[in-house]
Amino acid sequence: MPRSIVLAALAVFFCVGGFWQPYDPDRVDMLARHSGMTASHLLGTDHLGRDLLSRIMAGGWRTACVILSVGAIGFCAGTLLGTAAAVLGGWREKVILRFCEFFIMVPTLIVALTAAAIFGLSPLSAGLALGLAGVGPHALLAHSLSQRVLGQPFMLAARSLGVAPARMITRHLLPNTLPLMFAYVGNQAGLAAVAYASLAFIGLGADPSKPDWGSMLFEYRVFIFDHPMLMVWPGTAVAMTVSVMNRVFDDGQE
């Protein structure tokens, strides 16, 4: 199956989950608890009779919001800082790179705690924390790619002809670095999904009253032996998302 179709199918699943679910994800029906896979509940129900498919769909939308925010923050800030460092050079390059390395040294958990304290438990706080944690690696990659392009003969010729720096960056530098940066962002999307599930599992970046794949794994962990499918479905959702992201963007670089 073409990778574009697979990625589109995943995007449709995320989008549909944000606006429609078969049942209210928080609807409690004690008479239908642990129903198993039936025509009414395709993935079964949990210990409170809540529909698992509906909860996974709602959690998928929240995960998609985090993936998009992480990619946007890391890509925009990282590309800007890394490209600026390579173009400016000298002491300004060193200052920018040291600043970017700061984001790598600070543990993501500390950033997540700070974001949760400021913005509350939501995908916004988790996306901000994970996005800031990704600024450093994105910036270092953008810096490395920019330096390589700046050393090419056509760039040296543009400089010798007196091409304005802004025009040189937009017409020659960024078109040669952005494709690889986009591929890197895509590869990191799967890691962002895992990181968000991990934060939700420990209660950071996720509202306990809302369904999230990580928080579902935490809530259902006590049923791992009696009703293991409660953990299988959200775990499979995380694994499938990571697999699709990695497969699509890894193939895109071949």
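Quick caveat: nothing in here was measured; it's all calculated off a predicted structure. When reading the values below, keep in mind they use all heavy atoms of this one structure, side chains included, and skip hydrogens, waters and symmetry mates.
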Asker: Please name the residue in the list V70, I73, I67 that meets the side chain to side chain contact (heavy atoms under 4.5 Å, CB included) test with L130.
Answerer: V70
Asker: With rounding to the nearest 0.5 angstrom, report the CZ to CD distance, R55 to Q21.
Answerer: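 Answer for the CZ-CD pair, R55 versus Q21, is 10.5 Å.
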Asker: So T38 and H41, do their side chains get closer than 4.5 Å, heavy atoms only?
Answerer: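 Answer yes - side chains close enough.
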Asker: Would H227 and Y220 count as a ring-ring contact (aromatic ring centres under 6.0 Å, His included) here? Give the steps.
Answerer: CA-CA 9 Å; H227 302 281; Y220 299 151; over 10 Å; no
Asker: Apply the test ring-ring contact (aromatic ring centres under 6.0 Å, His included) to residues F19 and W61: give CA-CA distance (whole Å), side-chain angles for both, the deciding distance (0.1 Å), then the verdict.
Answerer: CA-CA 9 Å; F19 302 98; W61 169 251; 5.5 Å; yes
Asker: Check the pair F75 / Y184 against ring-ring contact (aromatic ring centres under 6.0 Å, His included), numbers first and verdict last.
Answerer: CA-CA 9 Å; F75 175 78; Y184 179 75; over 10 Å; no
Asker: S35 and side chain to side chain donor-acceptor pair (under 3.5 Å): which single residue from D29, D51, T45, D46 fits?
Answerer: T45
Asker: Write down the atom of A142, the atom of G82, and the distance for their closest heavy-atom approach.
Answerer: CB-CA, 4.0 Å
Asker: Indicate yes or no: at least one non-hydrogen side-chain atom of F14 is less than 4.5 angstrom from one of M57.
Answerer: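 Answer no - side chains too far apart.
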Asker: What I'd like to find out is whether the side chain of V238 reaches to under 4.5 Å of the side chain of Y196, using heavy atoms alone.
Answerer: no
Asker: Under the 6.0 Å and 45° cation-pi test, does R27 pair with Y23?
Answerer: no
Asker: Under a 4.5 Å cut-off applied to non-hydrogen side-chain atoms, are V6 and L10 in contact?
Answerer: no
Asker: Could you check whether any side-chain heavy atom of L230 comes within less than 4.5 Å of a side-chain heavy atom of H34, counting everything from C-beta outward?
Answerer: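 They are in contact (side-chain heavy atoms under 4.5 Å apart), so the answer is yes.
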Asker: Among L174, T83, T177, find the one that has a side chain to side chain contact (heavy atoms under 4.5 Å, CB included) with V149.
Answerer: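 Going through L174, T83, T177 one by one, the side chain to side chain contact (heavy atoms under 4.5 Å, CB included) with V149 is satisfied by T177 alone.
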